[in-house]
Amino acid sequence: MVSTFDHDPSAAQRELWKNEQIALSARISWHDDHLDFDSETLEGLKYVAGVDLSFPENDFEHALACLSILSWPNLEVVHTSYLKTELHLPYIAGFLAFREVDPLLKLLNQLKQEHPEYYPQIILVDGNGRLHPRTCGIACHLGVLANIPTIGVAKNFLVIKEQDSGEELTMSHVKQECRTELLKRGDYHLLQTKQTIYGAALRSTNEAPNPIYVSQGHRVSLATAIKMVLACCHYRIPEPIRRADLDSRAYIRQLQQHHQ
DNA sequence: GCGACAG
DNA sequence: ATCTTGTCGC
């Protein structure tokens, strides 16, 4: 029995995925907020969500997807939902959404059916949004498919190289800039080329010198995305994503113990 | 051929 | 993506 999981997808498959990302990216308006709350004061915001996938030890084909709903401005968990899922593709940098977005969409649809009162007004996604080779990371993917405002938050920098201009944002260059420029909570460094603003490296706490990488997903401006993420950061990782990560990992450990 | 790139 | 352990500072 040959599993598709064992092999990298063909170059042809990757070209199809690239075209899909380019088409999705074209559907996003990058300049404006399309929110149902005030982007300046955050007045009217009630619920903010975080999504993440956690994996059992040494098993990257099975995952527990998690959707955490937090109240604003208290940032307390009011609802958590999980979905055990089987993954059919390996992780490939630049194509994360094709591996992970389906279970997240299912969780959102399920919440809308069963607990519409908790349906979030904006989602923080573990991964990039516009900060992506084709300006279409998983946060964009999820936002467009579910038609909901999203923001991408990555813990590591994804190298960007522009096809036409040849201009690139390299790991070492960005880290260098961050060390010298990001001195306190709220300081950020724009990640941009001559033609595109991809996102920002943000120092989210005074204690954590390593930045997080914030970018627009869907229906949100970069300025609002940065403000929103910073407002959600008690620690380096914003609370909605942090809770989805912690709670799903705890639940996996519980499942494994109960199964023995 | 080599290096490297979210999760 | 996962795990463990130790260390520092309040």
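Letters A, B, ... are given to chains in the order of the sequence lines, protein chains preceding strands, and every chain is numbered from 1.
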**Prompt:** So, are Asp102(A) and Lys106(A) salt-bridged, with charged N and O less than 4.0 Å apart?
**Reply:** no

**Request:** Report yes if some heavy atom in the side chain of Leu53(A) is under 4.5 Å from a heavy atom in the side chain of Leu104(A); otherwise report no.
**Result:** yes

**Asked** Taking the six-membered ring where the residue is Trp, are the ring centres of Tyr118(A) and Tyr47(A) under 6.0 Å apart?
**Response** yes

**Item:** Under-4.0 Å side-chain N/O to phosphate OP1/OP2 contact, Asn156(A) with dG7(B)
**Value:** yes

**Request:** Rounded to the nearest angstrom, tell me the gap between atom CZ in Arg249(A) and atom C1' in dG7(B).
**Result:** 13 Å

**Request:** Taking only the side-chain nitrogens and oxygens of Tyr213(A), find out if one of them lies under 4.0 Å from OP1 or OP2 of dA6(B).
**Result:** no

**Message:** As a test of reading the structure: which of dC5(B), dG7(B), dT2(C) is closest to the side chain of Ser54(A), going by heavy atoms?
**Reply:** dT2(C)

**Nearest atoms (heavy-atom pairs only) where Arg236(A) meets Lys155(A)** = NH2-O, 3.1 Å

**Request:** Under 4.0 Å between any heavy atoms, over every strand shown, what does Phe98(A) touch: base, sugar-phosphate, or nothing? Just pick one.
**Result:** nothing

**Request:** Using only side-chain N and O atoms of Lys155(A), determine if any of them is under 4.0 Å from OP1 or OP2 of dG7(B).
**Result:** yes

**Fill in**
From the candidates dA6(B), dC3(C), dC5(B), the one with an atom nearest any side-chain atom of Val159(A) is dC5(B)

**Message:** Testing the 3.5 Å rule here: is there a donor-acceptor pair between the side chains of Thr193(A) and Glu162(A)?
**Reply:** yes

**Asked** Tell me: CG of Asp52(A) to P of dG7(B), nearest whole Å?
**Response** 9 Å

**Fill in**
note: Glu86(A), atom CD; dA1(C), atom P; distance rounded to Å ~ 21 Å

**Prompt:** Starting at CZ of Phe157(A) and ending at P of dC5(B), how long is that distance when rounded to a whole Å?
**Reply:** 9 Å

**Prompt:** When all nucleic acid strands are considered with a 4.0 Å heavy-atom cut-off, which category describes Ile138(A): base, sugar-phosphate, or nothing?
**Reply:** base

**Message:** Expressed as a whole number of angstroms, how long is the span from Arg99(A):CZ to dC5(B):P?
**Reply:** 19 Å

**Ring-base stacking, Phe55(A) with dA1(C) (5.5 Å, 30° cut-offs)** = no

**Asked** Asp245(A) side chain: which of dT2(C), dC3(C), dA6(B) is closest?
**Response** dT2(C)

**Request:** Could you point out which residue of Thr150(A), Asn147(A), Asp33(A), Asp32(A) forms a side-chain hydrogen bond (donor to acceptor under 3.5 Å, both in side chains) with Arg219(A)?
**Result:** Asn147(A)

**Separation of dA1(C) C1' from Asp126(A) CG (nearest whole Å)** = 9 Å

**Request:** Give each stem of DNA chain B as a range with a range, requiring at least 3 consecutive Watson-Crick or G-U wobble pairs whose two distances are under 3.5 Å.
**Result:** none

**Request:** May I have the distance from Leu53(A) (atom CG) to dA1(C) (atom C1'), rounded to whole angstrom?
**Result:** 9 Å

**Prompt:** To the nearest angstrom, how far is Leu246(A) atom CG from dT2(C) atom P?
**Reply:** 10 Å

**Donor-acceptor side-chain pairing of Asn210(A) and Arg203(A) below 3.5 angstrom** = no

